[in-house]
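Step one of this worksheet: look at the structure below.
All residue numbers in this chain count up from 1 along the given sequence.
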Amino acid sequence: IRFHTRMPIYWPEKLDNDFFKMIKKYNIPEKGKGLWIIAQIVHPIELSGKALGIIKNFLYNGIPVLNQAPIMCNINDNQRTFNEWHDRMIFHGIKPYYDIALILLPDLSNARFYVSLEKIKELQKQYYLDGDGLGIAKIIIPVMGKKYSPEELKKLEQEGYITRITKSQIYSKEK
């Protein structure tokens, strides 16, 4: 079971000892019933204090922690921040899983956060060159209602990108 959550960052108090006692009984990897936490840490500053204590508690209880987060303009898209963010995750036992490339919404309401795929690839390349590469995540593009032609998707896949169709599309009543 995978839990995708930002709770360790924005509401760590809710993840108390009672919570960990409760989830521990569901984490039985030897019976094929393991739990995984997919954190959504977007900046290295979030890896401190109570949030870091919660992450360590998951790991102590045998629950792996991976991270998926969007690369966002002026938040985590400069090389220094990107490197520190990935290094700190690795140092604290969190595996960078997915770096998410945002797709511009038709109304451009998210344009201020947009970072190009090319820049994300360059951030990852430089991170690899600056370190050992252990913190390299896969780049994914969430396909949320955007229509890609098969040719466009094939080109993206050839360039090493992974596209994911979101559950909102899977469960959509539209055909």
- request: Mark yes or no for whether Ser48, through its side chain, and Ile45, through its backbone, hold a donor-acceptor pair below 3.5 Å.
  value: yes
task: Of all the heavy-atom pairs spanning Ala51 and Pro12, show the shortest one and how long it is.
output: N-CB, 4.4 Å
Asp99 and Gln124: side chain donor to acceptor below 3.5 Å: yes
query: Any chain of hydrophobic side-chain contacts (each under 4.5 Å) joining Ile90 to Leu47?
result: no
- prompt: Of all heavy-atom pairs between Pro8 and Phe58, which one has the smallest distance, and what is that distance?
  reply: CG-CE1, 4.2 Å
query: Is the closest side-chain heavy-atom distance between Leu66 and Tyr98 below 4.5 Å?
result: no
Heavy-atom closest contact (Cys73 atom, Arg112 atom, distance): CB-O, 3.4 Å
Cluster check Trp36, Ile28: I/L/V/M/F/W/Y, side chain < 4.5 angstrom: no
- prompt: Should we count CG of Leu129 as having more than 12 external heavy atoms under 6.0 Å?
  reply: yes
task: State, to 0.1 Å, how close His86 and Gly135 come at their nearest heavy-atom pair, and which atoms those are.
output: CD2-O, 2.8 Å
- prompt: Just wondering, more than 12 heavy atoms not from Tyr26 lying within 6.0 Å of its OH?
  reply: no
Between Phe20 and Tyr60, ring centroids under 6.0 Å: no
statement: Rounded to the nearest 0.5 angstrom, the CG-CG distance for Asp16 and Asp18 is 5.0 Å
Shortest non-hydrogen contact from Gln40 toward Glu46: O-OE1, 4.3 Å
query: Are Val42 and Val115 connected in the hydrophobic side-chain network, where two residues link if heavy atoms are under 4.5 Å apart?
result: no
- prompt: So do the side chains of Ile37 and Thr5 get within less than 4.5 Å of each other, counting heavy atoms only?
  reply: yes
- request: Taking the side chain as every heavy atom from C-beta outward, state whether Ile75 and Phe113 have any pair of such atoms under 4.5 Å apart.
  value: yes
- request: Please work out which of the three classes, parallel, tilted or perpendicular, describes the rings of Phe82 and Tyr127, given edges at 30° and 60°.
  value: perpendicular
statement: Distance col, row Ile100:CD1 vs Met72:CE, nearest 0.5 angstrom, shows 10.5 Å
message: Just checking Phe19: does its CZ atom have more than 12 heavy atoms from other residues, nucleotides or ligands closer to it than 6.0 angstrom?
response: yes
task: Output yes when a side-chain donor or acceptor of Asn27 lies under 3.5 Å from a complementary backbone atom of Leu35, and no otherwise.
output: yes
- prompt: Are Leu134 and Leu123 grouped together when hydrophobic residues (ILVMFWY) are joined by side-chain heavy atoms under 4.5 angstrom apart?
  reply: no
- prompt: What are the two closest non-hydrogen atoms of Pro64 and Leu59, and how far apart are they?
  reply: CA-CD2, 4.3 Å
- request: Using a 4.5 Å cut-off on heavy atoms from C-beta on, say whether the side chain of Asn67 contacts that of Lys95.
  value: no
task: Hey, could you give me the CD1/CZ distance between Ile9 and Arg6, rounded to the nearest 0.5 Å?
output: 5.0 Å
- prompt: For the side chain of Asn61 and the backbone of Ile63, is there at least one donor-acceptor N/O pair under 3.5 Å apart?
  reply: no
message: Are Leu102 and Leu117 connected into the same hydrophobic cluster when the rule is that any two of I, L, V, M, F, W, Y join if their side-chain heavy atoms are below 4.5 Å apart?
response: no
query: Taking 4.0 angstrom as the limit, do Asp77 and Lys119 come out as a salt bridge?
result: yes
field: Minimum side-chain heavy-atom gap Thr81-Pro44 below 4.5 Å
entry: yes
field: Atom pair CE (Met89) and CD (Glu84), whose distance is rounded to the nearest 0.5 Å
entry: 11.0 Å
message: Test side-chain contact (heavy atoms from CB on, under 4.5 Å) on Ile41 and Ile94; report intermediate values, then the result.
response: CA-CA 10 Å; Ile41 302 158; Ile94 303 163; 3.9 Å; yes
statement: The reported gap from CD1 in Ile120 to CD1 in Ile139 (rounded to nearest 0.5 angstrom) is 6.0 Å
field: CA sep, side-chain torsions, deciding dist, call: Ile71, Trp85, side-chain contact (heavy atoms from CB on, under 4.5 Å)
entry: CA-CA 11 Å; Ile71 307 302; Trp85 175 40; 3.5 Å; yes
field: Donor-acceptor pair, side chain of Asn76 and main chain of Pro70, under 3.5 angstrom
entry: yes
